[in-house]
Amino acid sequence: HSFCSMLLPRKKFLYHYKNVRWARGRHETYLCFVVKRRVGPDTLTFDFGHLRNRNGCHVELLFLRYLGALCPGLWGYGAAGEKRLSYSITWFCSWSPCANCSIQLSQFLRNTPNLRLRIFVSRLYFCDMEDSLEREGLRMLSRAGVRISVMSYKDFFYCWQKFVDSKTSSFKAWEELHQNSVRLTRKLNRILQFFQSWDLEDLRDALKLLGL
DNA sequence: ATTTTCAAT
């Protein structure tokens with residue numbers, strides 16, 4: 001695509017996705033995505049790539065702009081409501097969405113039931129205050145059926161393989177990756193006020209990865 | 001102990 005170069009430079013990935021407590025200077029947000037078409041119980045990987053925020057537009061809303069091109073037939077072909085295709089999108093974002101993006105996404109998804117969204121985030125954006133709008137936004141997304149998780153080692157590893165110009169260098173975890181991921185996962189669970197259970201698609205992906 | 005955040009210069 002013209003709007004998303006295929007591979008992310010290693011340095012950029014490591015700088016922007018590092019789940020450090022004090023993410024000084026991360027004034028950009030990256031979004032790596034996988035689009036899968038759902039055919040009955042099966043999903044076929046259809047497209048992947050990455051985006052970053054531009055011109056004051058948050059990357060999530062930028063993604064929504066490109067959604068029509070990424071998911072042909074999402075809104076049906078020809079006659080209204082006919083032959084709508086179903087898609088699943090998984091994205092990995094360096095920051096969690098701001099309140100406004102969460103609201104926009106929730107509304108969009110309510111009007112597009114044939115689209116499923118699964119979100120992984122490296123860091124939580126403005127979620128320190130108990131009453132922050134960002135926290136409420138995450139709950140809103142959750143209620144709209146989006147499963148949100150904090151990225152763990154396996155997710156960084158996957159992104160390195162899939163989206164990064166890693167050549168032959170293997171992914172090396174930074175100090176504190178695991179601790180930070182655990183801390184942020186606990187924080188997200190407290191925000192969402194319940195423990196999200198496994199879902200079937202995660203299980204299928206895990207089995208596929210193991211070659212089962 | 002404390003530090004930042006999809007910038008603005």
Side-chain angles (χ1 to χ4, degrees), chain A residues 1-35 48-70 89-109 117-142 144 146-152 155-156 159-160 162-164 173-192:
Chain A
H1 299 284
S2 55
F3 52 85
C4 56
S5 53
M6 288 311 281
L7 292 175
L8 203 49
R10 278 178 286 184
K11 275 191 174 176
K12 271 209 185 321
F13 177 81
L14 290 172
Y15 181 70
H16 286 285
Y17 278 88
K18 216 168 187 180
N19 61 358
V20 288
R21 191 140 165 67
W22 310 110
R24 182 186 290 276
R26 272 67 170 186
H27 296 300
E28 289 179 334
T29 299
Y30 283 79
L31 188 161
C32 294
F33 63 89
V34 178
V35 178
F48 71 96
H50 74 269
L51 289 170
R52 50 156 278 202
N53 60 303
R54 285 187 189 284
N55 307 324
C57 182
H58 282 194
V59 72
E60 294 89 340
L61 300 186
L62 208 54
F63 185 86
L64 283 188
R65 283 194 204 165
Y66 294 135
L67 196 64
L70 288 168
I89 289 171
T90 300
W91 82 41
F92 303 85
C93 219
S94 52
W95 285 113
S96 61
C98 76
N100 181 50
C101 288
S102 292
I103 292 168
Q104 306 270 339
L105 279 169
S106 302
Q107 286 179 347
F108 183 88
L109 291 166
L117 180 61
R118 174 83 169 91
I119 295 181
F120 290 89
V121 301
S122 176
R123 298 179 304 267
L124 298 172
Y125 185 72
F126 281 111
C127 283
D128 287 344
M129 306 293 277
E130 286 285 336
D131 59 350
S132 84
L133 292 175
E134 274 64 29
R135 285 186 175 223
E136 189 50 44
L138 294 177
R139 286 190 284 269
M140 196 180 296
L141 274 175
S142 186
V146 181
R147 225 162 85 69
I148 311 164
S149 304
V150 166
M151 289 173 74
S152 65
D155 306 309
F156 292 114
C159 285
W160 183 265
K162 184 93 179 166
F163 305 105
V164 177
W174 48 89
E175 293 268 334
E176 317 273 296
L177 180 156
H178 182 66
Q179 279 183 44
N180 288 336
S181 176
V182 168
R183 176 177 52 80
L184 289 167
T185 295
R186 288 200 187 114
K187 188 168 176 177
L188 179 61
N189 283 334
R190 280 198 302 274
I191 291 168
L192 298 179

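By convention in this document, chain letters (A, B, ...) are assigned in the order of the sequence lines, proteins followed by strands, and residues within each chain are numbered from 1.
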Could you check how far [atom1] of [X] sits from [atom2] of [N], rounded to whole Å?
| X | N | atom1 | atom2 | answer |
| --- | --- | --- | --- | --- |
| N19(A) | dT4(B) | CG | C1' | 14 Å |
| Y17(A) | dC6(B) | OH | C1' | 12 Å |
| K18(A) | dT5(B) | NZ | P | 16 Å |
| R21(A) | dA1(B) | CZ | P | 12 Å |
| Y15(A) | dC6(B) | OH | C1' | 13 Å |
| R24(A) | dC6(B) | CZ | P | 13 Å |
| I103(A) | dC6(B) | CD1 | P | 18 Å |

All N/O contacts under 3.5 Å from nucleotides 7-9 of chain B to the protein, with atom names and distances to one decimal?
residue	atom	partner	partner atom	Å
dA7(B)	N7	H27(A)	NE2	3.4

**Message:** Ring-plane angle category for Y125(A) and H58(A), please: parallel below 30°, perpendicular beyond 60°, tilted otherwise.
**Reply:** perpendicular
Output yes when a side-chain donor or acceptor of [X] lies under 3.5 Å from a complementary backbone atom of [Y], and no otherwise.
| X | Y | result |
| --- | --- | --- |
| R147(A) | R118(A) | no |
| S142(A) | L138(A) | no |
| R190(A) | L188(A) | no |
| Y17(A) | W160(A) | no |
| N180(A) | N19(A) | yes |

**Test applied, ring-ring contact (aromatic ring centres under 6.0 Å, His included); reference residue, W91(A); option that passes from F63(A), F48(A), F163(A)** = F63(A)
**Message:** Listing request: all salt bridge (charged side-chain N to carboxylate O under 4.0 Å, His left out) pairs with a residue in residues 121-132 of chain A, at least two apart in sequence or in separate chains.
**Reply:**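 Every pair satisfying salt bridge (charged side-chain N to carboxylate O under 4.0 Å, His left out) with a residue in residues 121-132 of chain A: D128(A)-K187(A), E130(A)-R135(A).
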**Request:** Inspect the surroundings of CG in L67(A) and state if more than 12 heavy atoms from other residues, nucleotides or ligands are less than 6.0 Å away.
**Result:** yes
Pairwise [atom1] distance for [N] and [M], with rounding to whole Å:
| N | M | atom1 | answer |
| --- | --- | --- | --- |
| dT2(B) | dC6(B) | C1' | 25 Å |
| dA1(B) | dT5(B) | P | 23 Å |
| dT3(B) | dA7(B) | P | 23 Å |

**Interface residues of residues 125-140 of chain A with DNA chain B (non-hydrogen, below 4.0 angstrom)** =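 Close to the strand are Y125(A), F126(A), D128(A).
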**Request:** Tell whether W22(A) reaches the base of dT3(B) with its side chain through a donor-acceptor pair below 3.5 angstrom.
**Result:** yes
